[in-house]
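Numbers for residues simply follow the sequence, beginning at 1. Owing to the predicted nature of the structure, the values given are computational and were not obtained by experimental measurement.
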Amino acid sequence: MSTASTTAQNIVIVGGGIIGCTTAYYLASHRHFDSASTTITLIEASKGGVAQGASGKAGGLVAKWAYPKELVNVSFPEHVRLAAEHDGEARWGWRVVNCGSWEGRGAPRSAAVETGSGVGEGGERKSLEKTLGLPDSDSTAATGKSTNRRGETGLPDDLSWVDPELTEAYSPMAPFGATAQVHPYLFTTSMLELAKERGVKFVQGKVTAVDIDGAGGSRRVSGVTYTPLGSDTPQKVAATHVIVAAGAWSPTLVPSLPIVGTRAHSITIQPPQGTPIAPYVLFTEITLPSSGSGVRVQQVSPEIYARPTNEVYCCGPGDDAPVPDTVDEVPVDEGACESIREHVASISRELREGAVEKRQACFLPVASAGGGPIVGEAGEIAKGLIIATGHTCWGICNAPGTAKALAELVLDGKIKCANLNKLKPSRFL
């Protein structure tokens with residue numbers, strides 16, 4: 001793809017997660033998009049529609065300190081622009097937040113029962129590696145002044161929903177303005193609705209194959225085969241370009257993709273009515289003391305995200321449970337979810353007294369060869385086959401940059417917004 005196409009184009013996007021939906025929006029918003037000559041079809045397999053996987057169950061963190069920088073440097077300002085143009089504050093919960101590292105003790109446990117680790121049954125613990133983009137140290141001052149016990153530990157005065165007596169240390173992880181958030185489900189569904197307004201067609205069905213014509217160096221995509229929701233009869237959609245953005249399920253269509261899934265459990269808590277929850281994202285290190293009855297000391301590290309609606313999102317570590325056939329079959333380990341609740345409740349009365357509204361799990365797509373995500377044309381397999389997966393825990397953050405790059409690749413003939421050479425599929429396939 002070296003020149004912009006002037007002929008008719010049929011673009012099929014496989015996957016209704018944040019990458020697929022945002023790409024549909026950027027394609028339909030591109031200056032070269034002409035609905036008279038170009039069609040865009042997004043196909044999603046889930047019975048529940050789009051954003052049923054990680055794109056609806058993630059924390060929604062958007063950060064300048066995320067990785068890889070090539071995408072972050074495009075994505076963060078695009079998030080700002082999208083929120084300004086489409087009232088993201090009201091529509092998908094866009095706002096700037098404080099982000100800090102909290103260390104301390106959990107409240108003593110009254111029963112001689114050891115809490116779980118937050119790792120789901122059937123998998124071994126895996127780090128979500130969310131803070132890899134941060135420098136080793138940060139001397140940034142907190143946004144608010146602290147006094148007394150708070151002054152000793154660095155805990156800001158407005159961070160009132162964690163117990164200062166249990167706090168040993170708090171430090172900001174990035175300057176204020178470098179971290180923001182969206183509600184991932186609302187952002188993903190908003191991107192789809194905005195794309196549909198611009199002419200994108202949404203289809204529910206399971207894509208079973210990318211159709212390829214030709215041989216050798218002349219191989220080129222010709223479409224996809226899919227089974228519509230509620231039908232057993234396969235159908236075909238012709239395509240000049242197929243964008244595979246199916247997250248952890250992408251290898252089912254492109255088997256050579258080195259993508260594996262990391263399962264992550266999470267819960268959402270609604271604190272008691274009238275409880276103020278200041279806008280903080282916390283990466284915690286909690287020491288849960290022994291109850292004195294043979295229960296060992298535990299070290300746990302849940303992440304806690306306060307949201308604009310006062311809802312609080314909490315997630316535990318990842319695990320390597322096998323990826324099921326579809327997103328609708330992702331198993332949720334209730335024990336892992338309960339462990340996360342116990343961990344965050346041990347440092348916060350507000351969370352302890354709140355009601356758990358969701359217990360859920362999702363799979364994050366990870367490049368098993370290291371690095372990633374994988375973004376670009378897989379011309380070695382077939383011309384017109386484009387890959388966009390492997391975004392790990394930063395899919396929500398990096399979706400706009402990925403989408404902008406892919407829209408340029410398809411409609412301009414090359415990526416102009418950033419140098420994404422190290423993310424090209426040829427480096428991974």
Original post:
Under a 4.0 Å N-O cut-off, is there an ion pair linking Arg349 with Asp163?
Top reply: no
Original post:
Is a donor on one side and an acceptor on the other found under 3.5 Å between the side chain of Arg220 and the backbone of Thr240?
Top reply: yes
**OP:** Report yes if some heavy atom in the side chain of Ser346 is under 4.5 Å from a heavy atom in the side chain of Glu342; otherwise report no.
**Re:** no
Subject >> Cys397 to His79 - nearest heavy-atom pair and separation >> reply: O-NE2, 3.1 Å
**OP:** Work out which heavy atom in Lys422 is nearest to a heavy atom in Phe428; give both atom names and the distance.
**Re:** O-CE1, 3.7 Å
Subject >> Pair Glu329, Thr326: side-chain N/O donor-acceptor within cut-off below 3.5 Å >> reply: yes
Subject >> Verdict with reasoning, Glu357 to Thr268, per side chain to side chain donor-acceptor pair (under 3.5 Å) >> reply: CA-CA 6 Å; Glu357 296 190 327; Thr268 62; 4.6 Å; no
Subject >> Electrostatic pair Arg263:Asp319 at N-O distance under 4.0 angstrom >> reply: yes
Original post:
Is there a donor-acceptor contact under 3.5 Å from the side chain of Ser75 to the main chain of Gly401?
Top reply: yes
**OP:** Heavy atoms only: give me the nearest Leu406-Ala388 pair and the separation to one decimal.
**Re:** CD1-CB, 3.6 Å
Subject >> Heavy-atom side-chain contact between Ile386 and Val410 under 4.5 Å >> reply: yes
**OP:** Would you check if there is a donor-acceptor pair between the side chains of Asn10 and Thr38 at a distance under 3.5 Å?
**Re:** no
Original post:
Salt bridge or not for Glu377 and Lys424, using N-O below 4.0 Å?
Top reply: no
Original post:
Just by distance, do the side chain of Asn310 and the backbone of Pro271 share a donor-acceptor pair under 3.5 Å?
Top reply: no
Original post:
Any side-chain heavy atom of Ile18 sitting closer than 4.5 Å to one from Val50?
Top reply: no
Original post:
Ignoring hydrogens and geometry, is there a side-chain-to-backbone donor-acceptor pair from Gln204 to Ser46 under 3.5 Å?
Top reply: yes
**OP:** Quick one: do Leu192 and Phe202 satisfy side chain to side chain contact (heavy atoms under 4.5 Å, CB included)? Show the steps, please.
**Re:** CA-CA 8 Å; Leu192 176 63; Phe202 175 61; 4.3 Å; yes
**OP:** First locate atom OG of Ser55, then atom CD1 of Ile19, and finally report the distance between them rounded to the nearest 0.5 Å.
**Re:** 7.0 Å
Original post:
So, Trp102 versus Thr167: side-chain donor-acceptor pair below 3.5 Å or not?
Top reply: yes
**OP:** Give me the one residue out of Ile269, Ile340, Leu351, Val281 that meets side chain to side chain contact (heavy atoms under 4.5 Å, CB included) with Ile304.
**Re:** Leu351
Subject >> Asn419 side chain to Glu70 backbone, donor-acceptor under 3.5 Å >> reply: no
Pair up each side-chain donor or acceptor in residues 361-375 with any protein partner under 3.5 Å, not counting sequence neighbours, and list the distances.
from, atom 1, to, atom 2, distance (Å)
Ser368, OG, Pro258, O, 3.1

Subject >> Side chains of Thr252 and Asp325 in contact at under 4.5 Å (non-hydrogen atoms) >> reply: no
Original post:
Side chains of Thr389 and Trp249: does their closest heavy-atom pair fall under 4.5 Å?
Top reply: no
Subject >> Side-chain donor/acceptor of Glu353 to backbone N/O of Glu350, under 3.5 Å >> reply: no
**OP:** Find the distance between OG (Ser266) and CD (Glu303) and round it off to the nearest 0.5 Å.
**Re:** 10.5 Å
Original post:
Are a donor atom and an acceptor atom from the side chains of Thr41 and Lys201 found within less than 3.5 Å of each other?
Top reply: no
Original post:
Ignoring hydrogens and geometry, is there a side-chain-to-backbone donor-acceptor pair from His265 to Asp333 under 3.5 Å?
Top reply: yes
Original post:
For Arg427 and Leu423, which heavy atoms make the closest approach, and how far apart are they?
Top reply: CD-N, 4.3 Å
Original post:
Would Thr225 and Lys236 satisfy side chain to side chain donor-acceptor pair (under 3.5 Å), going step by step from the backbone distance to the final call?
Top reply: CA-CA 4 Å; Thr225 300; Lys236 291 184 178 292; 2.8 Å; yes
**OP:** Please assess Asp412 against His30 for the test side chain to side chain donor-acceptor pair (under 3.5 Å), listing each intermediate value before the final yes or no.
**Re:** CA-CA 9 Å; Asp412 288 331; His30 193 280; 3.1 Å; yes
Subject >> Trp161/Leu282 under side chain to side chain contact (heavy atoms under 4.5 Å, CB included): CA gap, chis, key distance, verdict >> reply: CA-CA 11 Å; Trp161 47 270; Leu282 299 183; 3.8 Å; yes
**OP:** With rounding to the nearest 0.5 Å, note down the distance linking SG in Cys417 to CG in Leu71.
**Re:** 8.0 Å
Subject >> Between Gln181 and Arg307: side-chain donor-acceptor atoms closer than 3.5 Å >> reply: no
Original post:
Heavy-atom distance under 4.5 Å between the side chains of Trp94 and Val62, does that happen here?
Top reply: yes
Original post:
Any donor and acceptor pair, going by atom type alone, linking the side chain of Ser231 with main-chain N or O of Thr233 inside 3.5 Å?
Top reply: yes
**OP:** Working to the nearest 0.5 Å, report the span between CG of Asp328 and NZ of Lys47.
**Re:** 6.5 Å
Subject >> side chain to side chain contact (heavy atoms under 4.5 Å, CB included) evaluation trace for Val237 with Tyr226 >> reply: CA-CA 8 Å; Val237 177; Tyr226 81 102; 3.5 Å; yes
Original post:
Does CD in Glu380 sit with more than 12 non-hydrogen atoms of other residues, nucleotides or ligands closer than 6.0 Å?
Top reply: yes
Subject >> Listed partners of Glu408 passing salt bridge (Lys or Arg N to Asp or Glu O under 4.0 Å), at least two apart >> reply: none
**OP:** Decide whether a cation-pi geometry holds between Lys404 and Tyr26; the criteria are a distance under 6.0 Å from NZ or CZ to the six-membered ring centre and an angle within 45° of the ring axis.
**Re:** no
Subject >> Worked verdict on Leu385 versus Val210 for side chain to side chain contact (heavy atoms under 4.5 Å, CB included) >> reply: CA-CA 9 Å; Leu385 175 61; Val210 175; 4.3 Å; yes
Original post:
Between Val312 and Cys314, is any pair of side-chain heavy atoms under 4.5 Å apart?
Top reply: yes
Original post:
Quick one: NZ on Lys57 to CD on Gln360, what's the gap to the nearest 0.5 Å?
Top reply: 6.0 Å
Subject >> Shortest non-hydrogen contact from Ala28 toward Ile40 >> reply: N-CD1, 3.7 Å
Original post:
Counting only N and O atoms by type, is there a donor-acceptor contact under 3.5 Å from the side chain of Thr284 to the main-chain atoms of Ile286?
Top reply: no
**OP:** Please work out whether the ring planes of Tyr185 and His183 are parallel, tilted or perpendicular, with thresholds of 30° and 60°.
**Re:** perpendicular
**OP:** Taking all heavy atoms of Val242 and all of Gly223, pick out the closest pair and write down the distance.
**Re:** CG2-O, 4.0 Å
**OP:** State, with a plain yes or no, whether a side-chain heavy atom of Tyr313 is found less than 4.5 Å away from one of Lys358.
**Re:** no
Original post:
Counting N and O atoms only, with roles assigned by atom type, does the side chain of Arg352 sit under 3.5 Å from a partner on the main chain of Ala345, one being a donor and the other an acceptor?
Top reply: yes
Original post:
Given the side-chain rings of Tyr25 and His86, with only the six-membered ring counted for Trp, is the space between their centroids under 6.0 Å?
Top reply: yes
Original post:
Just how far is it from atom CD1 of Ile43 to atom CG of Leu229, taken to the nearest 0.5 Å?
Top reply: 12.5 Å
Original post:
Do Tyr67 and Asn398 have side-chain atoms, one donor and one acceptor, less than 3.5 Å apart?
Top reply: no
